[in-house]
Amino acid sequence: MKSTFLIKLLSETNKPEIMNLLLKALFTNKEIKELENRIKIFQLLLRGKKQREISEILNVGVATVTRGASALENEGIFKVNNKVIQMLKTNKIDLNDK
């Protein structure tokens with residue numbers, strides 16, 4: 001990913017209320033929902049759920065879950081930053097906001 005300015009912009013936004021406003025400005029509601037689902041997919045996979053189960057729980061396609069599983073397996077962040085994995089494993093999953 002070569003979005004140096006985007007990365008810098010997000011890095012400088014360290015207050016949750018400002019991050020919320022920035023994300024709303026950058027992404028549509030649908031895009032934010034897709035990002036939230038990707039995070040939920042990571043969380044459920046790390047908790048041992050099967051892809052088909054996740055598809056049903058989140059009401060998303062199996063292909064969406066498969067892409068999430070592939071990212072979890074292949075992206076560098078999950079290999080180098082144990083803090084991210086720990087947050088995904090331990091934070092509550094809000095399934096009411098599907």
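Computed from a predicted structure; not experimentally measured.
Residues Arg52 and Val65 are not in side-chain contact: their nearest non-hydrogen atoms beyond the backbone lie 4.5 Å or more apart.
For the ring pair (Phe, Tyr, Trp, His ring centres under 6.0 Å) condition, the pairs that include at least one residue of residues 41-84, sequence neighbours left out, are Phe42-Phe78. The stretch residues 43-69 participates, sequence neighbours left out, in no ring pair (Phe, Tyr, Trp, His ring centres under 6.0 Å) pair at all.
Shown here are the side-chain contact (heavy atoms from CB on, under 4.5 Å) partners of Lys79, two or more places apart in sequence or in another chain: there are none. When the side-chain contact (heavy atoms from CB on, under 4.5 Å) test is applied to Thr28, the partners found at least two apart in sequence or on another chain are Lys30, Glu31. Residues that satisfy the side-chain hydrogen bond (donor to acceptor under 3.5 Å, both in side chains) test with Thr66, not counting sequence neighbours, are Gln51. Applying the side-chain hydrogen bond (donor to acceptor under 3.5 Å, both in side chains) rule to Arg67 yields the partners Thr64; only residues at least two apart in sequence or on another chain are considered. Not counting sequence neighbours, Phe27 has no partner by the ring pair (Phe, Tyr, Trp, His ring centres under 6.0 Å) test. Listed by chain and residue number, Ser70 satisfy the side-chain hydrogen bond (donor to acceptor under 3.5 Å, both in side chains) test with Asn74 (two or more places apart in sequence, or in another chain). Applying the side-chain hydrogen bond (donor to acceptor under 3.5 Å, both in side chains) test to Glu75 and every residue at least two apart in sequence or in another chain returns nothing. For Lys50, the side-chain contact (heavy atoms from CB on, under 4.5 Å) partners at least two apart in sequence or on another chain are Glu53.
Ala69 approaches Ile41 most closely through the heavy-atom pair N-CG2, 4.5 Å. When all heavy atoms of Gly61 and Ser55 are compared, the pair lying nearest together is C-OG, 3.8 Å. Across every non-hydrogen atom of Leu45 and Gly68, the tightest pair is CD1-C, 4.3 Å.
Linking Ile, Leu, Val, Met, Phe, Trp and Tyr residues whenever their side-chain heavy atoms come within less than 4.5 Å places Leu72 and Val84 in a single cluster.
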Show the atom names and distances, to 0.1 Å, of all donor-acceptor pairs under 3.5 Å that link a side chain in residues 85-93 to residues at least two apart or in another chain.
from	atom 1	to	atom 2	distance (Å)
Thr90	OG1	Gln86	O	2.8

